[in-house]
Structures are given as C-alpha cells and as structure tokens.
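Input: a single structure, listed below in structure tokens.
The figures here come from the full heavy-atom set of this structure, side chains too, leaving out hydrogens, waters and symmetry mates. Model, not experiment: these values are computed from the prediction.
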Amino acid sequence: MTEWLKVFGLSFFNDKLAAKSAKYGFTSVVLAIVLSFVFFMFGFMASDVVPFSKHYDNAVSYKEFVHKAVSSDELNVEIKDGIANGNIIVNTYAYDGDREKYALNGYNLIIDTRASDTLIEFSQVAVKGSEEISYEDYLKLTDKEKENYSLEYRYTDKPLELTDELTAKCESYIAGISEEGTDGYNKSAAAEYKKLKQSNLSGDEYAKEIYFLYVRYYYTDFESALMSAKAPVLCDYYYLNFVLGDNKNYLYMLDDICIGSFQTDNGIPAVFTGYYKDCANGVLDENSVDGFIKDVFYNSVGYYMSSYFTSAIQLAPGYILIPVIIGFVLFLIEKAGKKQQAAKFTDCYKTVNSFVWISALATGLLTFILGFFMFARKLYLFMPLIFAIILLVRTAVFYISGRVRDSAEDDNENDG
C-alpha cells in the first residue's frame, strides 16, 4: 500500500516511480479520473468566482453607469427581505426617455420589480421568411401549408386584465372542445373543464384557471421561463427578450434577481446573476450599490454549484480520453523503437495515467490564475487543451529521459 501511494502520489515528479505504475491495477485510473473531475470543477469555479470583486473594482465605466442610475432623483430602489421594490419601471432598450436618462458608457438598464409571475399580454405568430401572419390565420391553413411556417411568441410588459369578455371567450373555446362528438373534441380538456366547473372557485380564481386552460389548449407549445407559470408572465418578457439574448453590457433588476454584464477597463468581460436573499435591507445609493452588487454575486454562488458540476461533467471526455490517446501514441513510439519486448498498451496507458491527477491539479490552478486576466466562461473551454499540453510535455520528458538512460546503459555495456 505504501509503495502504491508513493507511485500514485509522486510519479509526476519521479520517472522511476512512474515506470512502476504499470504493475498496479486500474484503481489508480479511476481515482485519477475522480480527482481530475474535482480539480476541473473547482478550478473553473475559482476562476469564475474569486476574481469577480477585482473585475468589478476595475470596471470604472460600469460603476459610473450604476452610480448614475441609483443617484437619480426619479428612481428609488429598496431591498427588503430578499425582494427589490422600485418606484418606477426603467427599460433603456424600449424607451427613448429612459435611454437618455439612464444609459451611459454603452450600458443599458432595466428595472422592473413587479412580481415575476404577473400575467402579461402576448400573441403567437406564424413566420415564413420575412412574412408573418397571426396565429388565428395560421390555424386556417391546411396541414401542408402550415409546414412552411414556424411559430413564435411575442411577449409584452403590459399586465393582462382578466376582463369578463376575455373570460367568456376562454370559456366558450374550452366548452366547445369539451363537447364529445364535435370536430375539435379534446378528452383531456373536457376532463379538466369538468373538474374546474365542479371546483366552486370564486370569480377571479375561476377567471384565472379558465384562462390557463385556454392558453394550454388553444396555443401551440407554450413554455415559460418560470417553471410554475401556466401562461405567459412578466418573467417571460424579460428573460426571452433580454436575459437570454445576445445583449452585453447591462444591469437588470427584477423583483427577486439581479443580472449584469460588464467589461473591466482592460477589456475583460464579466457576468453575474444573483438573488437578493442575503443582501442588506435598505435603499440603494452611490455608497451602498457597489457592495450590493458584490453581495448579490457572492451570496448566490451556492445556487450555481450544479452548473459548475455540470461543466466538469461536460469536460469529462477531455480528461478521460486525452490520457488514452497519449498513452496510445506512447505505445506506438515504444513499439517502433523496440522490435522486441515493447511495452504493452495498458502499461503505456497506466504510465501516462500516473501523471494525470497532477496535470489536472495544475490545469485547475492555472485556470484559476488566468481567471484574473481572462473571461472565465471562455477560459473554461480551453481547460482540456491546457491539460493535454501539460500531460503531453510530462509524458515526453518521461520518454526522452528513458531513452537517454537506455542509451547510456548500452554505451556502458559496449565499453565493457
């Protein structure tokens, strides 16, 4: 056991120990893969998390933009018990007046602290190239004609009013497809409608539930950015139009979440997303907003552990297959150089594997350091390349030193 620990732990630094790795089983291989996963995950996480404060402090133009917003006499944003409360709605993308007041240094601002599950007005349209028709006209097309169109949702930030007329319209449609024997009969809708009629809900609650059924059975393939939503909500407007788009350089503050994108003065991009849960209560101003943004980011790191975990899993083909490939190359070189008693592939692979976990550790550390000078989310993609270079160089050193040693031994035998 002691010998195995020496070989597993020190082979990267000692060729003689690395040469002994071939006689051990595949426990070392599995352990090296597990450690590689850990070092890749925490290396990426550290590069993304630790430098954020430094990046924000070095983003003077972004801080100027943020300070201008919170110092405005017209805008007041208060954080209270994990929820943001703003006195006005700001959207510098959509409104020229807001753009003149709050946009600065190429940065855009959205502040809308209405409840994310607020129902909104929306439409669904059918698109064919540059042509666009209403969903109602789309439904009139033949199945063959429909194949030429793709359906898209158009969301607004205007709250939906569940008027008596809208409720009557929804109820009429659902009742129509619930009548057995009719062309549009839908067994599932009929069952849900019957259950709703028997529920004895109040007027407002009934109006909401019949509207949900209407959205579900009238429109096509509705999905919300808010998992619990049964119809388009304010969250969908902001997420699908802005958050999930290609926008850069912004600050978005919604009711329970803050999202930002900026560049340091040296041109290093940075992004952040966080909740207000552990942020201090109070009105945001020039003195508190910088600390608030850092708290939003750092207090929410735990929520995103799963994304770092997933990222390390996605890189698994790299730290699993790269040692196999380098081991195979070493095997071919050994075989070409030694006509007899050439090393087996498994021996070559185990030798290369003895360098793996240190190579992964070095990759994680280097990624962390580079995170202070580069965009971590892009740097993450280069982790397998960094790992491959380190592992390849170490394997080359092992092979070359072995050949030099063998050559020296052959010379001594010939001299003898």
Side-chain angles (χ1 to χ4, degrees), residues 12 31-63 66 107 243-244 246-252 257-275 278-279 290-323 355-394:
F12 190 89
L31 185 56
I33 291 173
V34 172
L35 289 176
S36 295
F37 164 79
V38 171
F39 295 140
F40 268 64
M41 182 177 74
F42 284 102
F44 171 49
M45 177 181 171
S47 71
D48 192 41
V49 173
V50 177
F52 178 79
S53 181
K54 178 177 180 291
H55 289 333
Y56 182 78
D57 289 339
N58 290 334
V60 175
S61 61
Y62 187 68
K63 292 169 67 176
V66 173
Y107 290 99
V243 176
L244 301 181
D246 295 327
N247 296 324
K248 297 179 181 178
N249 301 332
Y250 55 77
L251 175 65
Y252 304 155
I257 194 169
C258 182
I259 306 165
S261 165
F262 62 88
Q263 288 192 357
T264 69
D265 295 342
N266 295 325
I268 302 172
V271 295
F272 65 93
T273 301
Y275 299 96
D278 296 315
C279 293
D290 294 336
F292 162 75
I293 287 179
K294 292 178 183 180
D295 287 344
V296 162
F297 177 78
Y298 284 112
N299 292 343
S300 302
V301 169
Y303 291 102
Y304 302 107
M305 281 299 298
S306 60
S307 67
Y308 297 118
F309 181 89
T310 302
S311 296
I313 290 291
Q314 291 174 336
L315 294 180
Y319 54 77
I320 291 175
L321 295 179
I322 288 172
F355 308 138
V356 161
W357 77 270
I358 292 291
S359 297
L361 174 60
T363 299
L365 290 173
L366 184 58
T367 301
F368 164 59
I369 294 170
L370 290 175
F372 286 90
F373 309 98
M374 300 175 62
F375 184 35
R377 306 289 174 91
K378 187 171 290 186
L379 182 62
Y380 146 82
L381 300 173
F382 292 93
M383 291 184 75
L385 178 60
I386 297 171
F387 172 75
I389 292 173
I390 295 172
L391 188 60
L392 184 61
V393 170
R394 180 61 186 93

Derivation of the side chain to side chain contact (heavy atoms under 4.5 Å, CB included) call for Phe375 and Val271: CA-CA 9 Å; Phe375 184 35; Val271 295; 4.3 Å; yes

Stepwise side chain to side chain contact (heavy atoms under 4.5 Å, CB included) test for Lys294 and Asp57: CA-CA 10 Å; Lys294 292 178 183 180; Asp57 289 339; 2.8 Å; yes

Worked verdict on Leu315 versus Phe387 for side chain to side chain contact (heavy atoms under 4.5 Å, CB included): CA-CA 11 Å; Leu315 294 180; Phe387 172 75; over 6 Å; no

Chi angles and distances behind the side chain to side chain contact (heavy atoms under 4.5 Å, CB included) call for Ser261, Asn247: CA-CA 9 Å; Ser261 165; Asn247 296 324; over 6 Å; no

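Residue Pro323 comes nearest to Gly318 through the heavy atom pair CD-O, 4.0 Å, listed as atom of the first residue, atom of the second, then distance. Annotation for Ile33 and Tyr319: closest pair O-CE1, 4.0 Å, computed over non-hydrogen atoms. Nearest heavy atoms, Ala46 versus Pro51: O-CD, 3.3 Å. In terms of heavy atoms, Pro384 sits closest to Ile322 at O-CD1, 3.5 Å.
A ring-centre distance under 6.0 Å is found for Phe37 and Phe309. A centroid separation of 6.0 Å or more is found between the aromatic rings of Phe297 and Tyr56. Checked against the 6.0 Å centroid criterion, the rings of Phe262 and Tyr107 do not qualify as a close aromatic pair.
In this structure, CG on Asp295 lies 11.5 Å from SG on Cys258, to the nearest 0.5 angstrom. One finds the CZ atom of Phe368 at 15.0 Å from the CZ atom of Phe39 (value rounded to the nearest 0.5 Å). Note that OG of Ser359 is 6.0 Å distant from CD1 of Ile390, once rounded to the nearest 0.5 Å. A distance of 9.5 Å separates CG of Asp290 from OG of Ser53, quoted to the nearest 0.5 Å. Here the NZ atom belonging to Lys54 is positioned 6.0 Å from the CZ atom belonging to Phe373, to the nearest 0.5 angstrom. With rounding to the nearest 0.5 Å, the separation of CG in Asp265 from NE2 in His55 is 12.5 Å.
Put simply, the side chain of Tyr298 gets close to the backbone of Val50: a donor and an acceptor are under 3.5 Å apart.
For Asp48 and Tyr308, the side-chain atoms include at least one donor-acceptor pair closer than 3.5 Å.
For Phe382, the CZ atom counts as loosely surrounded, since its 6.0 Å shell holds 12 or fewer non-hydrogen atoms of other residues, nucleotides or ligands.
Side-chain contact between Tyr250 and Ile259 is present, with at least one heavy-atom pair separated by less than 4.5 Å. Considering only heavy atoms from C-beta on, Val301 comes within 4.5 Å of Met45 through its side chain. Side-chain contact between Ser47 and Leu370 is absent, with no heavy-atom pair separated by less than 4.5 Å.
A perpendicular orientation is assigned to the rings of Phe12 and Phe355, their planes being inclined by more than 60° (bins at 30° and 60°).
Of the candidates Thr367, Leu361, Leu365, Leu366, Thr367 is the only one forming a side-chain contact (heavy atoms from CB on, under 4.5 Å) with Thr363.
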